[in-house]
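As the structure lists them, so they are numbered: ligands from 1, and atoms in each ligand from 1.
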Amino acid sequence: MNRAVLRKTVAARIDGLAEHAAGVLMDLIRFPSVCGDEMGAIARIEGLLEAAGFEPELVPLDASIAGHPEYTPYAAEPGWEGRGNLVTPFGGHGDGRSLILNGHMDVVPAGSWREAFEPAREGDTIRGRGAADAKGGVVAEYLAVKALRECGVRLSGRLRLHTVIDEETGGNGTLSLLATGHTADGAIVAECTGNAICPANRGALWFQLTTTGVSAHMGEIDNGVSAIEKANQAIAILKEYERHLIEHFMDHPYFRDLPHRPIQLCIGMMRAGEWPSKVPDRCEVEGGIGFLPNKDIEDVKDEMRQWIRDKGDDWLRDHFELRYERLHNAAFEIPSEHPLVRCVCGAATAAGLSERVQGWSVSCDARLFPQVAGMPVVTVGPGQLARAHSGDERIELQEILRAAKLYALAAMDWCGVEGP
Ligand SMILES: [Zn+2]
């Protein structure tokens, strides 16, 4: 069979799996696979892959990553026992380039959405927590390898499906695989980009600001220093830093045309004081900052501190601490002419998708591939970001099928196909 015919056969096979895909997705949504509770859903996809003739392997999380610079501490430690990622190999019959298809099985909690884990289908639309972020993408990757196998495609390079946990909490699932040598010549990460091709990721950094003052009775207010007022001053300086970034670092080819501003600084939490008529001597503020690949994460950390030192008053300068102890995701970009980006663009066109290349304005596991393993990566997948994490999360079945075709055709092109 010639290559063009083989590609058409694979695409047609994926269309033929539409109803199966809908059933699998609804099945996966029924598992409330929030952090610490992912293994039921992982076992379900493992069973499906085995039934399809694959040999998936459960790779336990490696606790030694807790000392890795890219490790993200948990808000509530879920424990390591019994938790792992699923690695499913396929192909590797020659010496073609290897590829990882990464997708995450963990989801954010239901919130006030009572039917979050009771999937509903109306025509081509499937609702439920994780439909878009990212169980729809996991299903698309599964369909891709299933169709390749059923069509007898012999990939020259090795393809590995990485079905991971812990994405929503910072990426320790993918980190664990990459840090233990599960790497390849390229990777595609399934996230709900609306099937836009994203070879770049915005960075995201959480910060913890503490200001200290001198407590005093309200009647003695001139002898006190309010830590809340000093924190307000520091916040105003940080917002000025945000405006500086927007003014000077927003003009980036991957990000300039996005509908939402990808640079922002958010103050999310504040704790201070214990009595209405007492000057508070300590204020704790937590927030996040988003920035583009033209800013190094270490520079952002240093500059935020330096701005407060330079622009704060005499007291603030010596009485604040700015720490970065939780989420710390650097930004990255893969050049648009990189062979992996060209390959994914070609596969998108062949899959009937537009060749839409842009930055991804939220952070995800993709960053870990270049940072931990020096690998090129592209984020692309079905579902709309606006639906992710919402109380009305949904996805269109057709989007999943188109993504599956993109993944399968990209794998054929990147890994190469052996035989006639
Ligand atoms: Zn996601």
Between S33 and K135, a side-chain donor and acceptor under 3.5 Å
yes
Side-chain donor-acceptor pair under 3.5 Å between H104 and E191, yes or no?
yes
Decide, counting backbone as well as side-chain atoms, whether C364 has an N, O or S atom less than 2.8 Å from the Zn ion (ligand 1).
no
Is it the case that more than 12 heavy atoms not belonging to R282 sit under 6.0 Å from its CZ atom?
no
Short check: any N/O/S atom of D133 below 2.8 Å from the Zn ion (ligand 1)?
yes
NZ/NE/NH1/NH2 to OD/OE distance under 4.0 Å, D310 and R317
no
Taking both backbone and side-chain atoms into account, decide whether E168 has an N/O/S atom under 2.8 Å from the Zn ion (ligand 1).
no
